[in-house]
Amino acid sequence: MMDQSFITCGDGCQIHFRLDGANGAPILVLSNSLGTAMSMWEPQMARLRQHFRVLRYDQRGHGLSDCPRGAYSMDRLGRDVIELLDTLELDRVNFCGLSLGGMTGQWLGIRTPERFERLILANTSPYMGPPSAWDARITLVYREGLAMLAQASAERWFTPDFCKERPDKVALFQARLAGGSQTGYAGCCAAIRDMDMRPSLGLVKVPCLVIGGESDPATPREHSEALHEGIPDAALKMLPAAHLSNVEQPHAFTDAVIDFIRD
Ligand SMILES: O=C(O)CCC(=O)CC(=O)O
C-alpha cells in the first residue's frame, strides 16, 4: 500500500488518503470539516508527524475523493473510516476530526469504540438543527455555487481579528471552498441535516477530548459543552478561536492533541 492512494468503499466511492510520519509510530487519523479537505491540517503536520503516523483522508465529496450524487449519511461517513482502516489493516487508532470530521468521530465512538484509543472532537456538535437550515443551504449551493458561500463561511470560520491579521490564509480557505464540488458539499450537508447523536453520546466508551472555539458561531460553546456532558469520559478545552480553531490557534490546537494522546 502506497503512502498516498485511494481505497474503494463498499458502495464504490473512492476515498483519497495519505500517510505521513514514521512507520511503527502510533496512528492518528485526521478528518476534515465541510468545505475543506485534508489540506486543512497543514498547520498541524510538521509537529504531528514527529509523534505519529498520521493518516489523513478527504471526506467523501471533498478533495480528491469521489463525490457521489445524493444525500450522504453519518453512517456512510463513519463506514468510510472503518473501511479505510480495514484496507490498511489498522486495528486500533487515535482519531481527530473537526466539525463534520468530529461528527464522524462521534459516530465512530458510538458504533465502533473498540477500534479507537482516543478521540478528539473539535468544533463540533451532536446536533446542528434545524433541518430546514440545511435544506436551505443545499438549495443555495445548487442554485448559486460554492463561491457564493465564501464570504459567510469565512465569517464563521475565522474571528474578525484573524481575518485582519491573516487575509492570505482566509483567502486560501475561501478559494479551496469555491473550488470544491457542489455535489459533495450538498451530500455532506444532508448528512449533518439528518444527524442527531444526542441520545447516543453515553455509548461513546472511548476517552475523548472536546475542543471548542470561544468565538465559534457555527458550533458555539454550548455544543462543546453538550458533548463534554454527554460523553462519559471527556475533557473540554476551549481555544480563543472561531470555527477552524486548528488554523487560527495552530500551536495550542496541536499541543492539545499531542498532550491528550500521549497522556
Ligand atoms: O464545518 C463543518 O464541517 C460543518 C459546520 C458548518 O457548516 C461550518 C460552516 O461552514 O459554517
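By convention here, the first residue in the shown sequence is residue 1. A quick note: this is a predicted structure, and the numbers were derived from the prediction, not measured. Note that ligands are numbered from 1 as they come in the structure, with each ligand's atoms numbered from 1 the same way.
Between the side chain of Glu117 and the main chain of Arg92, no donor-acceptor pair closer than 3.5 Å is present. A donor-acceptor pair under 3.5 Å is absent between the side-chain atoms of Thr36 and the main chain of Asn32, judged by distance alone. Judged by distance alone, with hydrogens and angles left aside, the side-chain atoms of Gln106 form a donor-acceptor pair with the main-chain N or O of Ser125 at under 3.5 Å. A distance-only check finds no donor-acceptor pair linking the side chain of Asp58 to the backbone of His16 [under 3.5 Å].
If you look at Ile192 next to ligand 1, the close heavy atoms, those under 4.0 Å, all belong to the side chain.
Under a cutoff of 6.0 Å and an axis angle of 45°, Arg118 and Phe260 form a cation-pi pair. Within the cation-pi definition used here (under 6.0 Å to the ring centroid, within 45° of the axis), Arg176 qualifies as a partner of Phe173.
Scanning the protein heavy atoms around atom 3 (O) of ligand 1, the nearest turns out to be Leu34 N, 2.7 Å. At the shortest separation from atom 7 (O) of ligand 1 among protein heavy atoms lies Arg137 NH1, 2.9 Å. Scanning the protein heavy atoms around atom 5 (C) of ligand 1, the nearest turns out to be Ser99 OG, 3.3 Å. Residue, atom and distance of the protein heavy atom nearest to atom 11 (O) of ligand 1 are Arg156 NE, 2.2 Å.
In terms of polar-atom proximity, Ser33 is not counted as a contact of ligand 1, lacking any N or O under 3.5 Å from an N or O of the ligand. Taking distance alone, with nitrogen or oxygen atoms compared against 3.5 Å, Leu100 approaches ligand 1 more closely than that limit. Not one N or O of Ser153 is nearer than 3.5 Å to an N or O of ligand 1, by distance alone.
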